[in-house]
Amino acid sequence: MILQSDPKLRNEEQIRFQEAYAVLREAIAARAFPGCAFGLLADGELLLSDSLGDFTYESGGADHRSVSPETLYDIASLTKIVSTTSTAMLLYQRGLLDLETPVGELLPGFVIGRDIHEHARRVTVRHLLAHNSGLPGYIPLFHTATTPYAVLRGCLQLPIQAEPGTRAEYSDPGFILLGKALETIIGEVLAPWVRREVFAPLGMTATRYCPALHMRSEIPPTEEDELFRQRVIQGEVQDEHAYLLNGAGGHAGLFSNVPDLLRFAYAILDRSKNRLFESTTIEVFAKRQEPAGSSRALGWDTPSEESSSGRYFSANSLGHLGYSGCSLWIDRDANLAVALLTNRTWPHRESQLIRSVRPAFHDALRLAL
């Protein structure tokens with residue numbers, strides 16, 4: 001599989017996928033985001049890899065930069081699948097992870113001090129992956145927490161608001177805890193393990209936590225942070241809790257680009273015997289979880305009624321979104337994947353235009369095929 005686009009084919013790509021380009025150009029004009037990188041993989045071939053727009057809305061000047069297909073972005077919650085879920089998949093595949101293991105066995109602080117009848121004692125690794133643990137979706141712990149330990153302690157002590165398995169609520173604290181639970185199994189912090197066991201075998205050389213200082217100017221900024229750090233956030237993770245976790249959380253922290261994300265997608269689509277993830281592992285993690293009506297599988301999301309994947313991705317698709325404006329969708333029936341990377345939070349988080357851009361972009365691509 002070749003994931004380097006041929007500049008000679010760019011004009012052909014723009015003609016074939018002109019409606020998809022139009023969606024993105026209109027989004028940039030409407031200030032949904034200042035720029036984007038995107039790619040389409042189908043049947044193991046790179047059919048589209050391109051970019052539009054700039055790092056920011058201010059054009060010209062010494063600091064002006066245009067986006068390229070290889071531009072590195074803060075991929076936010078795509079970290080949940082590319083790093084944390086892939087780690088869980090490999091540990092499960094190697095017989096090192098039992099999905100029914102109570103979280104309290106891996107993280108005793110999750111149950112110490114709680115009544116023996118509390119829901120927390122019945123929360124398992126499966127519940128954390130499926131976002132049905134009963135944990136709240138988001139709590140701004142960074143208002144009081146100032147250290148990694150304080151963030152972890154805050155997550156460990158959160159109330160379990162529903163019987164595990166009965167309520168679906170997308171939970172950042174759940175994946176912060178999941179990342180820490182997996183670290184107890186692998187015996188090291190997540191970042192070097194996933195780099196060695198996932199990124200290196202797949203050739204994902206650009207993907208990383210905590211980009212070096214000299215790389216920051218080559219990464220689109222995500223926000224003019226007036227709430228927490230009081231500075232422009234560029235080349236360091238936007239998520240406040242991931243920042244406090246030394247830039248590398250189970251829920252956020254990764255930086256990646258379109259070629260690397262399509263390499264990761266190919267590892268899910270690959271049907272060869274030498275694949276990183278075995279087909280049985282993928283099937284286990286691709287199955288929708290309780291309660292009925294939830295679109296969540298184990299770590300992955302699947303198309304819902306009004307999915308960001310649009311109207312044409314099959315029910316057998318897997319994907320995820322990132323708060324910064326990134327997405328990855330993989331259709332296992334059609335054998336294709338689409339990556340879209342943006343910094344839709346620049347300069348501030350209020351814009352929600354990305355919600356209409358994503359399905360329109362995916363629909364335009366699928367219709368062009």
Side-chain angles (χ1 to χ4, degrees), residues 17 19-28 30-33 35-42 48 52-53 73-82 85 130-131 137-138 168-172 175 222 238-239 251-252 254 256-258 261-262 264-265 268-269 285-286 288-289 293-334 336-346 349-369:
F17 300 107
E19 294 301 325
Y21 275 85
V23 169
L24 298 179
R25 290 192 178 101
E26 290 170 7
I28 292 171
R31 297 176 75 92
F33 42 77
C36 58
F38 48 95
L40 167 65
L41 179 72
L48 176 64
L52 293 170
Y73 275 87
D74 178 345
I75 63 170
S77 282
L78 288 187
T79 303
K80 291 182 173 73
I81 56 168
V82 178
T85 299
H131 295 283
Y138 181 81
E169 182 167 1
Y170 179 77
S171 176
D172 267 8
F175 258 74
T222 49
Q238 179 187 25
D239 182 272
H251 68 303
L254 268 190
S256 190
N257 62 14
V258 166
L261 290 177
L262 293 181
F264 178 73
I268 302 299
L269 295 170
F285 279 75
R288 280 190 174 187
Q289 301 295 298
S294 173
S295 66
R296 298 289 167 181
L298 293 180
W300 296 88
D301 199 9
T302 64
S304 55
E305 187 172 342
E306 295 184 357
S307 175
S308 65
S309 64
R311 295 174 290 171
Y312 303 112
F313 274 71
S314 72
N316 204 27
S317 298
L318 298 171
H320 212 283
L321 306 181
Y323 184 79
S324 56
C326 302
S327 63
L328 177 66
W329 277 103
I330 304 167
D331 191 329
R332 297 188 297 147
D333 284 349
L336 63 81
V338 178
L340 173 64
L341 305 185
T342 83
N343 54 336
R344 72 95 194 163
T345 54
W346 177 262
R349 305 182 181 194
E350 288 75 13
S351 174
Q352 299 297 320
L353 294 175
I354 190 73
R355 292 185 176 182
S356 58
V357 173
R358 283 174 174 143
F361 173 66
H362 290 124
D363 284 353
L365 287 179
R366 296 302 298 266
L367 289 171
L369 293 175

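- Once rounded to the nearest 0.5 Å, the distance linking CG of Asp74 with SG of Cys326 reads 7.0 Å.
- With rounding to the nearest 0.5 Å, the separation of OG1 in Thr85 from CH2 in Trp300 is 7.5 Å.
- In this structure a side-chain-to-backbone donor-acceptor pair under 3.5 Å is present from Arg344 to Tyr323.
- Expressed to the nearest 0.5 Å, how far CH2 of Trp346 lies from CZ of Arg31 amounts to 10.5 Å.
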Determine, step by step, whether Tyr312 and Leu369 satisfy the side chain to side chain contact (heavy atoms under 4.5 Å, CB included) criterion, reporting the C-alpha distance in whole Å, the side-chain angles of both residues, the deciding distance to 0.1 Å, and the verdict. CA-CA 11 Å; Tyr312 303 112; Leu369 293 175; over 6 Å; no

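- Here the closest non-hydrogen pair linking Ile81 and Gly299 is CG2-O, 3.5 Å.
- In this structure a side-chain-to-backbone donor-acceptor pair under 3.5 Å is present from Asp363 to Arg311.
- Between the side chain of Ser295 and the backbone N or O of Pro303 there is no donor-acceptor pair closer than 3.5 Å.
- When all heavy atoms are compared, the tightest approach of Ala32 to Leu353 is CB-CB, 3.6 Å.
- Nearest heavy atom pair, residue Leu261 against residue Ile75, reads CD2-CD1, 4.3 Å.
- Nearest heavy-atom pair, Ser317 versus Trp329, reported as atom, atom and distance to 0.1 Å: CB-CE3, 4.5 Å.
- Scanning all heavy atoms of the two residues, the minimum distance from Asp333 to Ser314 falls at OD2-OG, 3.3 Å.
- The closest donor-acceptor contact from the side chain of Asp172 to the backbone of Tyr138 lies at 3.5 Å or more, if one exists at all.
- The shortest distance between side-chain heavy atoms of Ile354 and Leu321 does not fall below 4.5 Å.
- The aromatic rings of His131 and Phe175 lie parallel to each other, their planes meeting at an angle below 30°, with 60° marking the opposite boundary.
- You'll find the side chain of Val338 stays beyond 4.5 Å of the side chain of Phe38, heavy atoms only.
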Residues Tyr21, Leu48; criterion side chain to side chain contact (heavy atoms under 4.5 Å, CB included); working and verdict: CA-CA 11 Å; Tyr21 275 85; Leu48 176 64; 3.5 Å; yes

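- At a threshold of 4.5 Å between non-hydrogen side-chain atoms, the residues Val357 and Val23 count as touching.
- Distance CZ/Phe264 to CG/Leu269: 10.5 Å, rounded to 0.5 Å.
- Counting non-hydrogen atoms of other residues, nucleotides and ligands closer than 6.0 Å to CD of Glu306 gives a total of 12 or fewer.
- The side-chain heavy atoms of His362 and Ser307, taken from C-beta on, include no pair separated by under 4.5 Å.
- Looking at Leu78 and Tyr73, their side chains never come closer than 4.5 Å, going by heavy atoms from C-beta outward.
- Atom CG of residue Asn343 and atom SG of residue Cys36 lie 9.5 Å apart, to the nearest 0.5 angstrom.
- For the atom pair Arg358 CZ and Leu340 CG, the distance stands at 7.0 Å (nearest 0.5 Å).
- The closest donor-acceptor contact from the side chain of Thr79 to the backbone of Leu254 lies under 3.5 Å.
- Nearest approach of Leu262 to Ala337, heavy atoms of both residues: CD2-O, 4.0 Å.
- Here the side chain of Asp331 pairs a donor or acceptor atom with the backbone of Ala334 at under 3.5 angstrom.
- Side-chain atoms of Glu169 come within 3.5 Å of backbone atoms of Gly137 as a donor-acceptor pair (strictly under, hydrogens ignored).
- For the pair Leu336 and Phe313, the minimum side-chain heavy-atom distance is below 4.5 Å.
- Within the 4.5 Å cutoff, the side chain of Gln238 has heavy atoms near those of the Thr345 side chain.
- Annotation: side chain of Arg296 is in contact with side chain of Asp301 (closest heavy-atom distance under 4.5 Å).
- Side chain of Thr342 to main chain of Phe33: no donor-acceptor pair is present (N/O by atom type, distance under 3.5 Å, no hydrogens or angles).
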Please walk me through it: do Ser77 and His320 pass side chain to side chain contact (heavy atoms under 4.5 Å, CB included)? CA-CA 8 Å; Ser77 282; His320 212 283; 3.9 Å; yes

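- Side-chain atoms of Arg355 never come within 3.5 Å of backbone atoms of Ser308 as a donor-acceptor pair (strictly under, hydrogens ignored).
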